Amino acid sequence: MRKMTVLVLALGLSSVVFSGVAFAQQYPNVANLKAFSPEAKFMSLPGYLRYLVHQQTGQWMTYAEASRTVQQQTAGR
């Protein structure tokens with residue numbers, strides 16, 4: 001019984017740790033927007049991406065992660 005409890009707890013913890021937005025493909029694409037425009041709600045593109053992700057998931061991504069994602073999205077233009 002004790003081993004089963006530990007196993008269930010470990011699986012629960014790992015699902016919390018590994019859940020969330022993991023891949024850049026899952027982030028909203030902001031590459032077609034102009035920074036500080038009305039479409040971006042007068043925010044920088046990384047800031048607007050952070051805002052969108054927070055609206056979708058309830059969690060804030062770091063500014064560094066948002067900057068990298070925007071850089072990846074705009075590299076293909």
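These figures come from a predicted structure and were not determined experimentally. Numbers here simply count residues along the sequence, with the first being 1. Keep in mind that the numbers below use all heavy atoms, side chains included, and drop hydrogens, waters and symmetry copies.
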Output the distance between atom [atom1] ([X]) and atom [atom2] ([Y]), rounded to the nearest 0.5 Å.
{"X": "L49", "Y": "N29", "atom1": "CG", "atom2": "CG", "answer": "9.0 Å"}
{"X": "K41", "Y": "L52", "atom1": "NZ", "atom2": "CG", "answer": "8.5 Å"}
{"X": "Q71", "Y": "R68", "atom1": "CD", "atom2": "CZ", "answer": "9.5 Å"}

Side chain to side chain contact (heavy atoms under 4.5 Å, CB included) partners of L33, counting only residues at least two apart:
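Residues passing side chain to side chain contact (heavy atoms under 4.5 Å, CB included) with L33: V30, E39, L45, Y48.
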Check whether the side chains of Y27 and Q72 place a donor and an acceptor atom closer than 3.5 Å, and report yes or no.
no
[X] to [Y] - nearest heavy-atom pair and separation:
{"X": "Y63", "Y": "G47", "value": "CE1-N, 4.1 Å"}
{"X": "P28", "Y": "Q73", "value": "O-NE2, 3.0 Å"}
{"X": "P46", "Y": "A66", "value": "O-CB, 3.5 Å"}
{"X": "M61", "Y": "R50", "value": "O-NE, 2.7 Å"}

Heavy atoms, side chains only, cut-off 4.5 Å: are F42 and S37 in contact?
no
